[in-house]
Colleague: 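My structure is below; once you've seen it, I'll send some questions.
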There are 2 protein chains.
Amino acid sequence: MAAPLDNLPRKQREFQQREQLILDTAQGMLHEHGYAQLTMERIAEAVEYSKGTIYNHFSSKEDLVCSLCCRCVSNLIELFQRAYEYPGTTRERFAAIGIAYSLYHQLNPLDAQNIQIVKTNAVREKLSEEKQQELGALEREITQLCMNLVNEAIEAGDIARSENHTADAIVFGFWSMLYGGILLAQSDIPLEDLGFSPVIMLLWNNSQRLMDAYDWQPLSKTTDTDALFKKLCSALFAEEMCKLTQGESHHG
Amino acid sequence: MAAPLDNLPRKQREFQQREQLILDTAQGMLHEHGYAQLTMERIAEAVEYSKGTIYNHFSSKEDLVCSLCCRCVSNLIELFQRAYEYPGTTRERFAAIGIAYSLYHQLNPLDAQNIQIVKTNAVREKLSEEKQQELGALEREITQLCMNLVNEAIEAGDIARSENHTADAIVFGFWSMLYGGILLAQSDIPLEDLGFSPVIMLLWNNSQRLMDAYDWQPLSKTTDTDALFKKLCSALFAEEMCKLTQGESHHG
DNA sequence: GACATTTTTTGACGCATCGTCATATTATTG
DNA sequence: CAATAATATGACGATGCGTCAAAAAATGTC
């Protein structure tokens, strides 16, 4: 994703490097102290440039936060791509996308908050046309990736053709379930008060159910879904799973 | 829900009335001009009181917006209650809750944005302990209502008992699907670019599928779900449906 | 190396908004 | 009607965004 910043005039290279420095710093501050504490002044101080220089890179605070959001979506796309390219059935590959999604948010819960902030109208309103385009392009890219896979499945006959089984309806169904699940788990209704099982497995189970409901072959009856989950995780996301279990041991 | 404000000392009655006035005004301004344009100064001006008086009612801007959010959730609870009390099968009643949810958000899309803003950490951080409690209580109330119905269904044997079929997992599944669907439809990934069918029907279909996946009797095979949708709508939400179609004719 | 020109950086400033609090206003009571 | 309590007010301090003229640094020319 990152542009090939070698071979560029030195000036531009420095510019890009500084941009990354600013973003890294801002992300760190955001994660550590929250959105309310994130000010342009403080960022400038932290990177040892002045406020004016920051505004040289980002036309507003919102634009800066949106840039962070773009990086998050890019990371997510990278994971999705990996799932997409898995050599298995369309159902396995789509399931893997679901894992990628859960996993990313489990690993980077603070990024999810970040994304949520940018989705807020109060912030969107203030974005520059450019940043809006940039984010929009990424959102379209990631949606398209899912759509492509579902269309593949329909064309291959893995999903029965039906008027209700359009690719967009199906993607909408899964996406909303995962998205809602993540948000719900994060900050919403206090389900964890009720002794809740790990969100990632809940979402996996519900996804499998929904796939069955769409008659997406091969059905879960004929599959050991627990084994499939483990197989996909270790084949595609070994590194991420590792980080996840490490992270948990810190909390426990 | 609203306290019986007759029979109270005149002073307190006036206080409560003014509080409602402020909230109504703020909601209007929020809907009309967006969150960014909503300032305490402007609210004060609009209600013809001073800023200090507003702060007499709400300890911060965030608290005020959260109060709006509480009213929204209360309204939603009222709709849910209606669905809960419908004299039908547990499945029908739960389906009706789903309709209530979609319908509310379809009718009050701006309320949904409002709720979203309050869910943002940037805002939550600044809420007073009291308001957090107040919102939390409402959220628990509405969750509990759903849980109760699902538990009823499990006890009545409408949902097969299984280790994966705990009430919280089931509520989580539906809630996340609906919640995610609403948010997605609202401001998110540009699915509507792809020629999208009405969200409310998508969610209805997906909910029915998910219920089938949980083996929630009577299954959709044995039911005319389109007819059921219409029946529930006219029995419970005639008034709301009316508003909805009116609203649409304005846009068309 | 000295000077001119372009580019980049800087931080003081203007502006908007939040939330406070001493003062002014209104209501209540003896 | 005066004394006292309750309430409303808006000027004020603080914070943070975004701008821009001036300073500093980099680049180019002789």
Side-chain angles (χ1 to χ4, degrees), chain A residues 8-23 25-26 29-30 33-68 117-118 120 122-132, chain B residues 8-23 25-26 29-30 33-68 117-118 120-131:
Chain A
L8 272 179
R10 195 192 83 242
K11 271 303 175 55
Q12 290 184 36
R13 218 169 48 219
E14 282 178 6
F15 187 86
Q16 293 205 3
Q17 278 172 3
R18 189 168 56 220
E19 186 145 321
Q20 291 308 310
L21 172 66
I22 296 170
L23 287 173
T25 307
M29 294 173 71
L30 189 55
H33 305 295
Y35 186 77
Q37 303 302 315
L38 187 77
T39 75
M40 297 303 256
E41 208 90 43
R42 269 196 265 268
I43 296 170
E45 202 181 334
V47 296
E48 294 187 275
Y49 284 93
S50 77
K51 200 162 40 147
T53 301
I54 310 287
Y55 276 94
N56 229 325
H57 288 263
F58 307 97
S59 67
S60 72
K61 184 183 172 182
E62 283 75 21
D63 265 36
L64 194 157
V65 174
C66 183
S67 302
L68 288 178
I117 288 171
V118 176
T120 284
V123 171
R124 286 243 161 162
E125 281 169 8
K126 293 193 188 169
L127 288 181
S128 68
E129 194 52 42
E130 279 168 307
K131 273 295 163 212
Q132 261 183 60
Chain B
L8 274 178
R10 197 191 83 240
K11 270 306 174 56
Q12 290 183 36
R13 219 167 47 217
E14 280 177 7
F15 187 85
Q16 291 205 3
Q17 278 171 3
R18 189 167 57 219
E19 186 144 320
Q20 290 309 310
L21 172 66
I22 296 170
L23 287 173
T25 308
M29 294 173 71
L30 189 55
H33 306 295
Y35 185 77
Q37 303 302 316
L38 187 76
T39 76
M40 297 304 257
E41 209 91 44
R42 269 195 266 268
I43 296 171
E45 203 180 334
V47 298
E48 296 186 274
Y49 284 93
S50 76
K51 201 160 45 143
T53 301
I54 309 288
Y55 276 97
N56 228 320
H57 287 262
F58 307 98
S59 67
S60 72
K61 184 183 170 183
E62 284 74 22
D63 264 35
L64 195 157
V65 175
C66 183
S67 303
L68 288 178
I117 288 171
V118 175
T120 284
N121 253 42
V123 171
R124 286 243 160 164
E125 281 168 9
K126 293 192 189 169
L127 288 182
S128 69
E129 194 53 42
E130 279 168 308
K131 273 295 162 209

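Just so we're on the same page: letters track the sequence lines, and every chain starts at 1.
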Colleague: For B:Glu130, look at atom CD and say whether over 12 heavy atoms of other residues, nucleotides or ligands are found less than 6.0 Å away.
Modeller: no
Colleague: On the nucleotide D:dG16, are OP1 or OP2 found under 4.0 Å from the side-chain N or O atoms that A:Thr39 carries?
Modeller: no
Colleague: So do A:Thr53 and A:Val47 actually touch side chain to side chain, heavy atoms under 4.5 Å?
Modeller: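 They are not in contact (no side-chain heavy atoms under 4.5 Å apart), so the answer is no.
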Colleague: Check this one for me: any side-chain N or O of B:Lys61 less than 4.0 Å away from OP1 or OP2 of C:dC18?
Modeller: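 Answer is yes, contact under 4.0 Å.
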Colleague: Establish, yes or no, whether the cationic atom of B:Lys131 lies under 6.0 Å from the six-membered ring centre of B:Phe58 and within 45° of the ring axis.
Modeller: no
Colleague: Any side-chain N or O of B:Arg42 below 4.0 angstrom from OP1/OP2 of C:dC18?
Modeller: no
Colleague: For D:dA8, take OP1 and OP2 only and decide whether either is under 4.0 Å from a side-chain N or O of B:Tyr49.
Modeller: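 So the side-chain polar atoms of B:Tyr49 never come under 4.0 Å of the phosphate oxygens OP1 or OP2 of D:dA8.
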Colleague: Check this for me: A:Gln132, atom CD, are more than 12 non-hydrogen atoms of other residues, nucleotides or ligands nearer than 6.0 Å?
Modeller: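 Buried by this count: over 12 neighbours within 6.0 Å.
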Colleague: Quick one: on DNA chain D, does A:Glu41 or B:Glu41 contact a more 5' nucleotide (nearest heavy atom)?
Modeller: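 Closer to the 5' end of DNA chain D: B:Glu41.
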Colleague: Tell me the interatomic distance from A:Tyr55, atom OH, to C:dT8, atom C1', rounded to whole angstroms.
Modeller: 18 Å
Colleague: Can you check whether A:Arg18 has a side-chain N or O nearer than 4.0 Å to OP1 or OP2 of C:dT8?
Modeller: no
Colleague: What is the distance, to the nearest angstrom, from the CG atom on A:Asp63 to the P atom on D:dT19?
Modeller: 11 Å
Colleague: Whole Å only: how far is the CE atom of B:Met29 from the P atom of C:dT17?
Modeller: 11 Å
Colleague: Using atom CD of A:Gln17 as one end and atom C1' of C:dT8 as the other, report the distance to the nearest whole Å.
Modeller: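 Atom CD in A:Gln17 sits about 17 Å away from atom C1' in C:dT8.
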Colleague: Which nucleotide, C:dG11, D:dG18, C:dT20, lies nearest any side-chain atom of A:Ser50?
Modeller: C:dG11
Colleague: From the options D:dT9, D:dC17, C:dT9, select the nucleotide whose nearest atom is closest to the side chain of B:Thr53.
Modeller: D:dT9
Colleague: Do B:His57 and B:Leu23 come close enough that some side-chain heavy atom pair is under 4.5 Å?
Modeller: no
Colleague: Quickly work out the B:Glu14 CD to C:dT26 C1' distance and round it to whole Å.
Modeller: 12 Å
Colleague: In whole angstrom, give the distance that lies between atom CE of A:Met40 and atom P of C:dG11.
Modeller: 16 Å
Colleague: Using OP1 and OP2 only, check whether a side-chain N or O of B:Asn56 sits under 4.0 Å from D:dT7.
Modeller: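 Checking B:Asn56 against D:dT7: no side-chain N or O falls below 4.0 Å of OP1 or OP2.
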Colleague: Under 4.0 Å between any heavy atoms, over every strand shown, what does A:Ser60 touch: base, sugar-phosphate, or nothing? Just pick one.
Modeller: sugar-phosphate
Colleague: Starting at atom CD1 of A:Ile43, determine the distance to atom C1' of D:dG18, rounded to an integer number of angstrom.
Modeller: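 These atoms are roughly 14 Å apart.
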Colleague: Could you tell me whether B:Leu38 contacts a base, only the sugar-phosphate backbone, or nothing, with contacts defined as non-hydrogen atoms closer than 4.0 Å?
Modeller: sugar-phosphate
Colleague: I need the CD-C1' distance between B:Glu48 and D:dT9, as an integer number of Å.
Modeller: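 Rounded to whole Å, this separation is 14 Å.
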